[in-house]
Amino acid sequence: MPGVPLVCHVLLIETNSGLVLVDSGFGSHDCHDPAQRIGVFRHVIRPMLHHVETAAHQVKELGFDIADVRHIVLTHFDLDHIGGLADFPDAQIHVTAAEAFGAVHSPSLRERIRYRCGQWAHGPNLVEHTPDGEPWRGFAAAKPLQTVDEGIVLVSMPGHTRGHAAVAVDAGHRWVLHAGDAFYHLGTLDGYSRVPLALRAQDALISYDRSQLRANQARLSELYRRGDPDLLIVCAHDPGVYEHARATA
Ligand SMILES: [Zn+2]
């Protein structure tokens with residue numbers, strides 16, 4: 001985005017049954033053909049599409065094989081989160097049923113414009129979940145993804161999109177809560193850092209349900225300010241949040 005540097009934060013998790021990604025960022029197909037894959041949005045968000053930054057490239061750099069990635073858990077279906085799916089054709093793709101409904105099965109006109117169906121033209125193996133289990137730290141609906149790993153929980157956090165979710169990962173000494181695009185900038189949670197105007201505008205303009213978004217941001221902010229030592233909250237796009245997560249890993 002012009003004037004506001006953003007990252008596309010993808011989590012890689014090593015489990016007993018293979019590798020798991022949370023989101024997939026932009027992928028190699030987006031780098032090859034941004035006009036077809038991303039369309040006019042590329043002029044708005046202006047992504048730096050470098051192969052070396054794709055999840056697939058970085059997984060291989062770490063010495064793994066693409067096929068070692070067995071599962072990808074998505075926060076939502078926006079183009080900057082699912083572009084890498086085609087690089088992992090054998091992985092199971094986990095998403096909320098509400099998100100799959102609004103993006104793939106029965107999108108409204110607005111959702112049809114928002115999502116880029118070419119990014120899933122390869123026919124990913126979707127596994128849909130309805131988070132209706134125990135509450136998770138104040139969020140009413142969550143579901144442990146036991147078929148993926150015991151320590152991975154899909155936490156329903158709608159608002160940015162119809163079926164947006166956060167993904168909580170038990171990292172042993174703490175939980176990492178990847179909140180996707182439930183917030184863009186730490187200022188939304190800490191209450192004193194200034195959120196750039198462009199991000200505030202985007203937050204308001206493209207959210208599917210603004211009141212759900214605000215309610216979930218209020219709960220995230222409450223959790224952040226409480227400062228539980230066993231919880232790290234990250235989002236997809238704030239470079240400062242990303243650097244802090246790396247530094248305290
Ligand atoms: Zn995003």
Side-chain angles (χ1 to χ4, degrees), residues 1-12 21-27 29-31 34 37-50 53-55 72-87 93-96 98-100 102-104 107 110-120 154-167 176-189 195-210 212-214 216-217 220 233-243 245:
M1 179 168 294
V4 185
L6 301 174
V7 293
C8 244
H9 190 177
V10 171
L11 278 184
L12 176 65
L21 287 176
V22 176
D23 283 345
S24 67
F26 288 110
H29 297 264
D30 303 313
C31 298
R37 297 265 302 187
I38 304 172
V40 293
F41 290 115
R42 71 191 190 283
H43 300 302
V44 181
I45 55 178
R46 292 163 58 182
M48 295 171 67
L49 296 167
H50 299 318
E53 294 194 357
T54 62
I72 301 176
V73 185
L74 293 177
T75 59
H76 64 301
F77 247 75
D78 272 347
L79 55 89
D80 50 330
H81 297 254
I82 68 160
L85 294 187
D87 292 331
I93 313 302
H94 300 265
V95 65
T96 68
E99 188 69 5
V104 180
R110 214 172 147 211
E111 286 167 323
R112 231 176 274 257
I113 295 166
R114 174 179 196 143
Y115 299 114
R116 303 289 301 173
C117 58
Q119 289 182 315
W120 63 86
L154 194 62
V155 184
S156 180
M157 210 169 283
H160 178 70
T161 61
R162 185 194 293 251
H164 185 282
V167 183
V176 177
L177 181 66
H178 190 311
D181 287 3
F183 70 100
Y184 283 137
H185 188 277
L186 187 62
T188 302
L189 303 197
V195 182
L197 181 62
L199 290 183
R200 275 186 282 148
Q202 177 159 326
D203 205 16
L205 277 174
I206 70 168
S207 59
Y208 177 80
D209 185 322
R210 219 175 292 177
Q212 283 184 324
L213 180 78
R214 298 282 175 256
N216 283 320
Q217 288 177 342
L220 283 169
I233 302 173
V234 300
C235 64
H237 298 306
D238 185 328
V241 169
Y242 171 71
E243 286 305 331

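Start at 1 with the first residue, then count along the sequence. Note that ligands are numbered from 1 as they come in the structure, with each ligand's atoms numbered from 1 the same way. Keep in mind the model is a prediction, meaning the values are calculated, not measured.
Contact annotation: D78 places no N, O or S atom under 2.8 Å from the Zn ion (ligand 1). Residue side and main chain included, H237 places an N/O/S atom under 2.8 Å of the Zn ion (ligand 1). At a cut-off of 2.8 Å, H76 is not counted among the residues with an N, O or S atom near the Zn ion (ligand 1).
Between the side chains of Y208 and E99, no donor N or O sits under 3.5 Å from an acceptor N or O.
The pair R214-D203 meets the salt-bridge criterion, since a charged nitrogen lies less than 4.0 angstrom from a carboxylate oxygen.
Relative orientation of the H81 and H237 rings is perpendicular, given thresholds of 30° and 60° on the angle between their planes.
Within the 4.5 Å cutoff, side-chain heavy atoms of V104 are placed close to those of F77. Using a 4.5 Å heavy-atom cutoff, the side chains of L213 and F183 are not in contact.
D181 contributes atom OD2 as its closest N/O/S atom to the Zn ion (ligand 1). Of all the N, O or S atoms in D80, the one closest to the Zn ion (ligand 1) is OD2.
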